[in-house]
Number of protein chains: 2
Amino acid sequence: MAQDTRGAIRDVAIELFGKHGYERTSLREIAEGLGMTKAALYYHYPSKQALLLAIIEPLIAEWKTAADKTETLQHTTDNVRQVLGECLDVLLRHRAIAGMFTRDAPAVFEALGHLYEDILGVHQRLHTWLAGPNPTGADRVRAFAATEVLGAALGGATLDDTSDEELRAILLDASCAVLRLKD
Amino acid sequence: MAQDTRGAIRDVAIELFGKHGYERTSLREIAEGLGMTKAALYYHYPSKQALLLAIIEPLIAEWKTAADKTETLQHTTDNVRQVLGECLDVLLRHRAIAGMFTRDAPAVFEALGHLYEDILGVHQRLHTWLAGPNPTGADRVRAFAATEVLGAALGGATLDDTSDEELRAILLDASCAVLRLKD
DNA sequence: GTCTATAGATTGATAGAC
DNA sequence: GTCTATCAATCTATAGAC
C-alpha cells in the first residue's frame with residue numbers, strides 16, 4: 001500500500017482525465033483526490049505530460065503487439081477475425097484509457113512525442129493488411145471503417161446493459177461485415 | 001469584406017481548433033491569425049465558449065434535422081438508408097467541425113450547456129429507431145456501431161485519395177451491413 | 001470596431017525544509 | 001516522500017481611449 005503511490009496517482013488521474021478531460025484537469029485536483037499536495041506528485045512523475053504518457057503506454061504497447069501479428073499472418077477470413085478480435089480485446093481491457101485517446105486527441109498526440117510516428121505506422125500497417133492483397137480504394141476505406149467499428153466498444157452509457165462478451169461478439173461480426181468477409 | 005469579421009473569426013478559429021485543439025488554442029493566437037488584437041474578438045463574441053458554440057451550432061441544427069426525420073418514417077430498408085445517408089451528408093458537409101466534436105469532446109460538451117441533453121435525446125431517438133421495432137440488445141449495439149461507421153468519414157489523411165461521393169457510397173453500404181439490412 | 005493596458009485567476013513547475 | 005512557499009508564464013476577460 002505504501003509503495004504504490006505511483007499507481008494510485010495513475011488511477012486517480014485516469015478517473016479525472018476521463019471525466020473532465022486532460023486539459024481541464026489540474027494537478028491540484030489530482031493531488032486533492034489523493035489527499036496529497038501538488039508538489040508531491042512531482043516526486044513520482046516529472047511532468048503532467050509524463051503522467052499522461054505513463055497512463056497511455058500500456059495500451060499503446062498491447063495495441064502494437066496485437067496489430068503487428070499481421071506481419072506473420074496471411075489474409076484469410078479466420079486470421080482477419082483473429083486479429084480484429086485481439087485488437088478489440090485490447091480496447092475492452094483498457095476501455096477508460098482508450099476513451100481518452102479519442103476524446104483528448106490533441107493532448108495525447110503531443111504527449112506521445114516521437115512515439116507518434118510509431119503508432120501511425122502501426123495503424124497504417126494494420127489498415128493495409130486488413131484491406132487485403134491488391135486492394136482497391138474502396139477496400140482501404142472499408143478497412144478503416146472496420147477499425148472504427150471496434151471503437152464502438154468505448155461507447156459509454158449506451159451499451160451499459162450489454163456484457164463484454166456479447167459486445168465483443170457483436171462488434172467482431174459487425175467489423176467483419178464491413179469488410180465483407182464471408183463467415 | 002468589411003462586415004464579415006464575425007465569419008472570419010469563425011473560420012480562423014475552426015482552423016486552429018482543428019489543428020491544435022480547443023484548449024491549446026488561445027484567443028491571442030486566433031487574433032494574430034487575423035491581424036487583430038485579442039480584445040477586438042470580444043466585440044464579436046462575448047467569450048471563448050460562445051465562439052465555440054457558434055462554430056458548433058450549425059452542425060447540431062442540421063444533425064437534429066436529419067435525425068429527427070425518423071419521427072415520421074417507418075423502419076424500412078429504404079428509409080434506413082435514407083436517414084443514414086442524410087446524417088452522413090451532414091458530417092461530410094461539416095467535416096472540420098464534426099472532427100472537433102470527437103477530438104475535443106470535453107470542451108464541446110461543456111460549451112453546449114443546456115443543449116447537451118437535447119443532443120443526447122436526438123442521438124438516443126436515432127439509435128432507437130435504427131435498432132428497429134422490438135429490438136434485442138444486440139440490435140441496439142449494432143445501431144450504435146452503424147453510426148460509428150458514419151464517423152469514419154472524418155478519418156483524416158487516410159482517406160484523402162477518395163472522393164466524397166465514393167466515400168459516401170462505401171460508408172453507407174458499410175453502415176447498412178452492420179445493421180444487417182438486405183439490399 | 002479596434003486599440004492599449006491591465007486586472008484577476010490559475011496553472012505547471014521548482015526550491016528547500018523536514 | 002511529502003510539505004510550504006513561491007515563481008514565472010499564460011490565459012480569459014474587462015476598462016476605457018480613440
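Residue numbering restarts at 1 for every chain, and letters A, B, ... go by the order of the sequence lines.
Closest-nucleotide positions on DNA chain C for A:P46 and A:R28 were compared, and the one nearer the 5' end corresponds to A:R28.
Taking atom CZ of residue A:R24 and atom P of nucleotide D:dT12, one finds them 11 Å apart after rounding to whole Å. Rounding to whole angstrom units, OH of residue B:Y45 and C1' of C:dG1 are separated by 15 Å. Distance A:M36 CE to D:dT4 P: 12 Å, rounded to the nearest Å. We find that CD of B:E23 is positioned 15 Å from C1' of C:dG12, with the value rounded to whole Å. Rounded to an integer number of Å, the gap from CG of A:L27 to P of D:dT2 is 15 Å. Between B:E32 atom CD and C:dT2 atom C1' the separation is 16 Å, expressed in whole Å. In this structure, CG of A:L41 is placed 9 Å from P of D:dT2, rounded to the nearest angstrom. Regarding A:K38, its NZ atom lies at a distance of 11 Å from the P atom of C:dT10, rounded to whole Å.
The pair A:D161-B:R140 meets the salt-bridge criterion, with a side-chain N (NZ, NE, NH1 or NH2) lying under 4.0 Å from an Asp/Glu carboxylate O.
For A:A39, whose side chain is taken as the heavy atoms from C-beta onward, the closest listed nucleotide among C:dA15, C:dC3, D:dT12 is C:dA15. Of the candidate nucleotides C:dC3, D:dT2, C:dG12, C:dC3 has the atom nearest to the side chain of B:A40. Listed candidates were C:dA15, D:dA13, D:dT2. Nearest to the side chain of B:K48 is D:dA13. Closest to the side chain of A:Y42, from the set C:dT14, D:dT2, C:dT2, is C:dT14. You'll find that the side chain of B:Y43 is closest to C:dT2, out of C:dG12, D:dT2, C:dT2. Closest approach to the B:S47 side chain among D:dA13, C:dC3, C:dA13 is made by D:dA13 (side chain taken as heavy atoms from C-beta onward).
No donor-acceptor distance shorter than 3.5 angstrom exists from the side chain of A:K38 to the backbone of A:S26, with no hydrogens or angles considered. Remark: side-chain polar atoms of B:T25 are not paired, donor with acceptor, to backbone N or O of B:H20 under 3.5 angstrom.
A:V80 meets the side-chain contact (heavy atoms from CB on, under 4.5 Å) test with A:H75, A:L84, A:W129, A:L130, A:L179, A:L181; sequence neighbours excluded.
Donor-acceptor pairing under 3.5 Å is recorded for the side chains of A:T147 and A:H127.
Nucleic acid contact for A:S26: sugar-phosphate only, since backbone atoms but no base atoms lie under 4.0 Å from a heavy atom of the residue.
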